[in-house]
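Working notes, structure below.
Residue numbers start from 1 in every chain, and the chains themselves are labelled A, B, ... in the order their sequence lines are given, proteins ahead of strands. Quick caveat, the model's predicted, so the values are computed rather than measured.
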Amino acid sequence: MHVVTRFAPSPTGFLHIGGARTALFCWLFAKHHGGNFLLRVEDTDRARSTPESIETILDGMKWLGLDWDNKDYKGRNYYSQYEQRERHAEVAKQMVANGTAYYCYASTQELEVMRAEQKAKGLPQRYDGRWRDRPAADAPKDIPPVIRLKAPQTGETIVNDAVMGKITVQNSQLDDMVLLRADGTPTYMLAVVVDDHDMGITHVIRGDDHMTNTFRQVQIYKAMGWDIPTFAHLPMILGPDGAKLSKRHGAPAVGDYRDRGYLPEAVNNYLLRLCWAHGDDEIIPQNKAIEWFDLSGVGKSPARFDFAKLNSVNAHYIKEKPDEELARLVVPFIVAFLGRHLTPDEVDLLTKAMPDLKPRAQTLVEIAEMSRFYFHSGAFTFDDKSLKILTPDAKAHLKELTARMENLEHFTSEALEEIFRAYAEEKGLKLGAIAQPLRVAISGSTVSPPIFHVAALLGMHETLKRVHEII
RNA sequence: GUCCCCUUCGUCUAGAGGCCUAGGACAUUACCCUUUCACGGUAGUAACACGGGUUCGAAUCCCGUAGGGGACGCCA
């Protein structure tokens, strides 16, 4: 069987991190089975859909590397639901013709009254089928009707969900939903089913907020006599506090993670491990993810988002990434901090510093922050801890050491360490007593990568310049 | 309110009736390494929501209870 999955966001905002997880699972499932992964933009809500939002979502998908296969659709690089509206309307009319749907002339106000009454009586709020069996002759001429599904009123509808298992609902719980609005546009329920059918979707993988919609959609498939795809509903991703993940939790959009210096491979790996596991494996590279991913491994319970764990996964992928590539990724963040561009020499220095920077950072932003001092010019402003290190004694030692450093033939970290160790031994000092002042002098802080590495990278001229600045 | 789903360390999870004295990862604590901070290494604290069954035996199967989530639009 040739597998076809799809990701179907509505372009009313950014790409939500939960949506990204859904997209990832769809993508992995398609790749695992050698099938296709399609992108459909659900833009039938003309008031809320925006082109900017579509761009943002596409960007997010690209950043995560979730490539879709329908890049050439009527001049667009995605499938637009809105463009299929004629087809949706046609299907709705077909259903009226075959007796599985009917025109309903109840006004919005009339329905509001109906729901209010139901609520007041403590009854479930459902359309009562008032136009279900009325003859066409009753139809008022001046009210444009909607088309409603003539849903079965007895028996039950069963969904065999690949994640949730067999789920049954009594048909008496479901009402006759609207398929086509009075203005002739399709509702989500209709559009989804028609598009999934037309696109040949074999596996509908989506968030479990759609679970109860599935029963109604199955009824549409049945009314049209279409094959029902396999459904798989993924549990929600919740915020750290167990509430629905939202702006309040800080980073709901995929773009937020890019801006905060997370690597897409880390985000993917982290997202994959939410509600899914492969034994004790934690770090799962993409090729393994494709090889191992299956729907049966997806858990049923919602998961909370944990930034600490994401950080640790990100730290792992940072350590794995080649220095040059990492430097290239960090440069924009440094540029943002410095407010100026880096010279090729500076980028080269950053690349050479990367082995010392990598193990100390969890995000690209952290690398940028801790590497700023390399590109610093002028005097540092020291904090209290640093000032405490720069005692008159320490300055005196540094002055003596300056002379020795100047005489160095090769300004390497090994050579520097050698003269510092020799000096410490001569004076009966601990290495830290002179290494820390050097650190403060040339890095501007008490915390930095190994200080002799730093000095060697800065070079003799810059190192001595910075030392002179403080003595 | 009605319907649907879920419940293993703080968090993500392993677990398919005996392999469980419940494993791993993150977080956390201590120690080692060490010129700072990290990385790395070693050790530790920490969970089967509760109550009933079924069974020789239950984290695992069944039934309740509690808690959580979701859906009930001419939104998607």
message = In whole Å, I'd like the distance from the CD1 atom of Ile389(A) to the C1' atom of U35(B).
response = 11 Å
query = Looking only at atom P, what distance separates G51(B) and A58(B), rounded to whole Å?
reply = 15 Å
request  = Remember a base hit wins even if backbone is also touched, and classify Lys319(A) as base, sugar-phosphate or nothing at under 4.0 Å, heavy atoms.
outcome  = sugar-phosphate
ask   = Do any side-chain nitrogens or oxygens of Arg46(A) fall under 4.0 Å of OP1 or OP2 in C75(B)?
value = no
request  = Using a cut-off of strictly less than 4.0 Å, decide whether Thr44(A) has a side-chain nitrogen or oxygen near OP1 or OP2 of A76(B).
outcome  = yes
ask   = Over how many whole Å does the gap from Phe307(A) atom CZ to U28(B) atom C1' extend?
value = 20 Å
message = Base, sugar-phosphate or nothing for Ser312(A)? Non-hydrogen atoms, less than 4.0 Å.
response = sugar-phosphate
key: Pairwise C1' distance, A22(B) and U13(B) [rounded to whole Å]   = 13 Å
query = Would Lys288(A) and Glu291(A) pass as an ion pair if we require N to O under 4.0 Å?
reply = yes
ask   = Below 3.5 Å, does any donor atom in the side chain of Arg360(A) face an acceptor in the base of C37(B), or the other way round?
value = yes
request  = Name the pairing partner of G40(B), where a pair is Watson-Crick or G-U wobble with both distances under 3.5 Å, or state none.
outcome  = C32(B)
task = Just call it for Ala455(A): base, sugar-phosphate, or nothing, with non-hydrogen atoms closer than 4.0 Å on any strand.
result = nothing
request  = Assign Arg115(A) to base, sugar-phosphate, or nothing according to its heavy-atom contacts below 4.0 angstrom with the strands shown.
outcome  = sugar-phosphate
request  = Give one of base, sugar-phosphate or nothing for Phe452(A), where a contact means two heavy atoms less than 4.0 Å apart.
outcome  = base
Pairing of Asp196(A) and Arg40(A) as salt bridge, 4.0 angstrom limit = yes
d(OH, Tyr127(A); P, C74(B)) in whole Å = 10 Å
task = Determine the Euclidean distance between corresponding P atoms of C31(B) and G70(B); express it in Å to zero decimal places.
result = 44 Å
request  = Using a 4.0 Å heavy-atom cut-off across all strands, classify Ala182(A) as base, sugar-phosphate, or nothing.
outcome  = base
task = Select one nucleotide: of U7(B), U35(B), C26(B), the one nearest the side-chain heavy atoms of Asp306(A).
result = C26(B)
Spacing of NZ belonging to Lys395(A) relative to CD1 belonging to Ile389(A), to within rounding of 0.5 Å = 12.5 Å
query = With a 3.5 Å cut-off and just heavy-atom distances, do the side chain of Arg304(A) and the base of U11(B) make a donor-acceptor pair?
reply = no
Leu111(A) CG to C75(B) P, straight-line distance once rounded to whole Å = 12 Å
task = For A76(B) and G17(B), measure between their P atoms and round to the nearest Å.
result = 45 Å
message = Below the 4.0 Å mark, does A76(B) have OP1 or OP2 next to a side-chain nitrogen or oxygen of Arg181(A)?
response = yes
request  = Evaluate salt bridge (Lys or Arg N to Asp or Glu O under 4.0 Å) for Asp195(A) paired with Arg87(A), printing each intermediate quantity in order.
outcome  = CA-CA 9 Å; Asp195(A) 288 347; Arg87(A) 163 71 176 150; over 6 Å; no
inquiry  = Treating primed atoms plus P, OP1 and OP2 as sugar-phosphate and everything else as base, which nucleotides of nucleotides 60-71 of chain B get B, S or - for protein heavy atoms under 4.0 Å?
reply    = ---------SBS
ask   = For Cys275(A), which contact category applies under a 4.0 Å heavy-atom criterion: base, sugar-phosphate, or nothing?
value = sugar-phosphate
query = Rounded to the nearest Å, what distance is computed from the CG atom of residue Asn269(A) to the C1' atom of nucleotide U13(B)?
reply = 14 Å
task = Apply side chain to side chain donor-acceptor pair (under 3.5 Å) to Asp45(A) and Tyr82(A), showing your working.
result = CA-CA 8 Å; Asp45(A) 186 341; Tyr82(A) 177 67; over 6 Å; no
query = What integer number of Å spans the P atoms of C37(B) and C32(B)?
reply = 14 Å
inquiry  = Regarding Tyr102(A) and Asp176(A), do their side chains bring together a donor and an acceptor under 3.5 Å, going by distance alone?
reply    = yes
message = We want to know whether Tyr221(A) and His197(A) form a side-chain donor-acceptor pair, criterion being a heavy-atom distance below 3.5 angstrom.
response = no
task = With syn defined as a glycosidic angle within 90° of 0 and anti as everything else, classify C19(B).
result = anti
task = Check every strand shown and say whether Glu42(A) touches a base, only sugar-phosphate, or nothing at a heavy-atom separation below 4.0 Å.
result = sugar-phosphate
ask   = Rounding to a whole Å, what distance do you find between Arg126(A):CZ and C3(B):P?
value = 9 Å
message = Can you work out whether Val146(A) or Arg273(A) has the more 5'-proximal nearest nucleotide on RNA chain B?
response = Arg273(A)
remark   = Closest of C26(B), U2(B), G73(B) to the Gln125(A) side chain is G73(B)
inquiry  = When both hydrogen-bonding distances must be under 3.5 Å and the geometry is Watson-Crick or G-U wobble, what is C50(B) paired with, if anything?
reply    = G64(B)
query = Just checking Pro450(A): base, sugar-phosphate only, or nothing, at a heavy-atom cut-off of under 4.0 Å?
reply = base
query = Atom NZ of Lys430(A) to atom P of U35(B): distance rounded to whole Å?
reply = 10 Å
ask   = Cut-off 3.5 Å, side chains only: do Arg181(A) and Thr185(A) have a donor facing an acceptor?
value = yes
query = Closer to the 5' end of RNA chain B via nearest nucleotide, is it Ser107(A) or Gly299(A)?
reply = Gly299(A)
task = Measure the distance from CE on Met164(A) to C1' on U7(B) and round it to the nearest whole Å.
result = 13 Å
ask   = Is Thr168(A) touching bases, backbone alone, or none of the nucleic acid, heavy atoms closer than 4.0 Å?
value = sugar-phosphate
request  = Any strand is fair game: report the nucleotide pairing with G1(B) by Watson-Crick or G-U wobble, both distances under 3.5 Å, or none.
outcome  = C72(B)
inquiry  = Measuring only the P atom in each nucleotide, how far is U60(B) from A14(B)? A whole number of Å is fine.
reply    = 16 Å
ask   = Between Lys121(A) and Glu117(A), is the closest basic N to carboxylate O distance under 4.0 Å?
value = no
query = Which part of the nucleic acid does Ile167(A) contact within heavy-atom distance under 4.0 Å: base, sugar-phosphate only, or nothing?
reply = sugar-phosphate
message = Is there a side-chain contact between Lys300(A) and the phosphate of C6(B), meaning an N or O under 4.0 Å from OP1 or OP2?
response = yes
inquiry  = Please pick, from G24(B), A27(B), U2(B), the nucleotide with the shortest atom-to-atom distance to any side-chain atom of Lys309(A).
reply    = G24(B)
inquiry  = Using the C1' atom as the point on both nucleotides, what is the distance between A43(B) and C33(B), in whole Å?
reply    = 15 Å
message = Between Thr214(A) and Arg206(A), is the side chain to side chain donor-acceptor pair (under 3.5 Å) condition met? List the steps.
response = CA-CA 11 Å; Thr214(A) 309; Arg206(A) 74 230 301 198; 3.2 Å; yes
task = First locate atom CD of Glu282(A), then atom CG of Asp280(A), and finally report the distance between them rounded to the nearest 0.5 Å.
result = 7.5 Å
request  = Classify the nucleic acid contact of Pro9(A) as base, sugar-phosphate or nothing, counting any heavy atom under 4.0 Å across all strands shown.
outcome  = nothing
